[in-house]
Protein chains: 2
Amino acid sequence: MDRRSNCVKMMDMTIRTARNTRRSDALSRERIVEATVEVLDATGEAGLTVRALTAHLSTGRGAIYHHVANKEELLAAATDDIVGRVTAGTGDDDPERAIRALALGIFDAIDAHPWVGTQLSREPWQPAVFRIWKSVGSQLQRLGVPGPARADAGSALVNYVLGAAAQYAAGARRATSDADRKAYLETLAAQWAQHDPDPIVQDAASQLREHDDREQFRAGVDIFLTGITARR
Amino acid sequence: MDRRSNCVKMMDMTIRTARNTRRSDALSRERIVEATVEVLDATGEAGLTVRALTAHLSTGRGAIYHHVANKEELLAAATDDIVGRVTAGTGDDDPERAIRALALGIFDAIDAHPWVGTQLSREPWQPAVFRIWKSVGSQLQRLGVPGPARADAGSALVNYVLGAAAQYAAGARRATSDADRKAYLETLAAQWAQHDPDPIVQDAASQLREHDDREQFRAGVDIFLTGITARR
DNA sequence: ACCTGAACACCGTTCAAGT
DNA sequence: ACCTGAACACCGTTCAAGT
């Protein structure tokens, strides 16, 4: 990591000396957000420090404050970057299929970038969450859900997606590989079963061992869609 | 605050001198968790620092580490304290009404203690979340939802409740009074409406101005229950 | 205008020293 | 055994000084 960032720094210096111009990757809000995503993906939420970020960008600690107000804005911008790619890609003709695709798209984005799940449920009025509201709202309109009911339906669906996002993200953070994840759930199920003799818990523990997060998430979307269309 | 904590310290000293015994409020995990709730309620999540907590307890910074492993455990224990009171109080005969009461109980607890909402969606395997899972699971069983479907239904409902919890908590954190909250939503709706001419957004902005968080949350629970019973 | 990096005002946690 | 508080290894953010 240190080796690599020194190497990048040397390349920049060469370019600057040769052309005698501004370095080609001069700081910009865009470049900073891109670097933020890189640092978050590589080292997780705890790894995103201003020191780590500015080292990755080969610049001084204060430099980023010329382009973003603070770390919170940085996290919101990085999250919007990822979510923007998801909401841009849902062009299905059938509104119900479009909603499913949107929800699963967000699930998969969080699987790839767990920090997105944590960030989404932290601040309701950030751009990324606004994007999700807007997407869900327009599909519900196309589905024929009328005005006031649409607000309730949208709220239910968005809150479900964000809630699941945060929970699954925490799991993905804890166990990176599939094997780790399975072992972790196994231990947890055993703990539950040992801790509490209640048949509900015994049953839940055995379900936990063999459950598939993505399938369970999909089933939840179906339940809400059923609830929405049943009262249309 | 400083005045008050000095006063408490002096009282303790008097008691100790007079009786020549251990001070009456000797540290214990229970007392520490109680103090944590007090500090969180008074100053919010950002206000809970080990320094503030140990000052409130009139003790040294390191003292709490004899009773809890770290700050994360402290937050989980404080959250479990609040959620435990909610799950203990739902004894309705009708399982559907019991689910509604549980969900609204958690909503109200978060309204009173916004930090609970944030904490609940941060760590899926903490005691407080386990409590919620267990409560929901047993009511769904009484509702007649069979094994595998019950896991999907439980996951959907818990994720919805936790997602809504985090979103509303963030709102409650930002605006304490009802008037503040209304003014804030007003400003936000105006920003949306100005920022984006899309009719979906215009419509959502006007809904936002007059919407009631608690009613919307309740509507979401209804949508979910409809979805569950429609496929039973 | 933009960047640098030392300085500031904080954190959570540890641990030798006390009782 | 339990508590104390200085010390440690960090944070995010600011700002005078540079280019």
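Note on naming: letters A, B, ... go to the chains in the order of the sequence lines (proteins, then strands), and numbering restarts at 1 for each one.
- Pairing for dG12(D) is with dC8(C), a Watson-Crick or G-U wobble pair whose two hydrogen-bonding atom distances lie under 3.5 Å.
- Note: CG (Leu75(A)) to P (dG12(D)) measures 10 Å, nearest angstrom.
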Check the pair Arg214(A), Asp111(A) against salt bridge (charged side-chain N to carboxylate O under 4.0 Å, His left out), reporting the backbone distance first and the verdict last.
CA-CA 10 Å; Arg214(A) 199 171 190 272; Asp111(A) 198 43; over 6 Å; no
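- In this structure, dC2(C) forms a base pair with dG18(D), meeting either the Watson-Crick or the G-U wobble geometry with both donor-acceptor distances under 3.5 Å.
- Distance, Arg61(A) CZ to dA6(C) C1': 9 Å, rounded to whole Å.
- The Leu27(A) side chain lies nearest to dC3(C) when the options are dC3(D), dT13(D), dC3(C).
- A perpendicular orientation is assigned to the rings of Trp125(B) and Trp192(A), their planes being inclined by more than 60° (bins at 30° and 60°).
- If you check dC2(C), dT13(D), dC3(D) against the side chain of His66(B), the one that comes closest is dC3(D).
- Going from atom OH of Tyr65(B) over to atom P of dT13(C) covers 4 Å, rounded to whole Å.
- Rounding to whole angstrom units, CZ of residue Arg29(A) and C1' of dC2(C) are separated by 17 Å.
- Contact check on Glu34(A) versus Arg29(A) returns no salt bridge, with no Lys/Arg side-chain nitrogen under 4.0 Å from an Asp/Glu carboxylate oxygen.
- Side-chain contact of Gln119(A) with Gln126(A): a donor-acceptor pair under 3.5 Å is present, judged by distance alone.
- Protein atom CD1 of Ile64(B) is 15 Å distant from nucleotide atom C1' of dC15(C), rounded to whole Å.
- Close to dC2(D), at under 4.0 Å from its OP1 or OP2, lies no side-chain N or O of His67(B).
- Of the candidates dA7(C), dC11(C), dC11(D), dC11(C) carries the atom nearest the Thr49(B) side chain, counting heavy atoms from C-beta on.
- For Ala63(B), the side-chain atoms get nearest to dC3(D) when compared with the rest of dC3(D), dT14(D), dT13(C).
- Taking atom CG of Leu74(B) as the reference point, atom P of dG12(C) lies 10 Å away to the nearest angstrom.
- No close placement of the Phe224(B) and Tyr160(B) rings is indicated, their centers lying 6.0 Å or farther apart.
- Residue contacts for Leu48(A): at a heavy-atom cut-off of 4.0 Å it reaches the sugar-phosphate backbone alone, with no base atom in range.
- Rounding to whole angstrom units, CD1 of residue Ile32(B) and P of dC2(D) are separated by 11 Å.
- Judged by distance alone with a 3.5 Å cut-off, a donor-acceptor contact links the side chain of Arg51(A) to the base of dG12(D).
- Rounded to whole Å, the distance from CD on Glu73(A) to C1' on dG12(D) is 15 Å.
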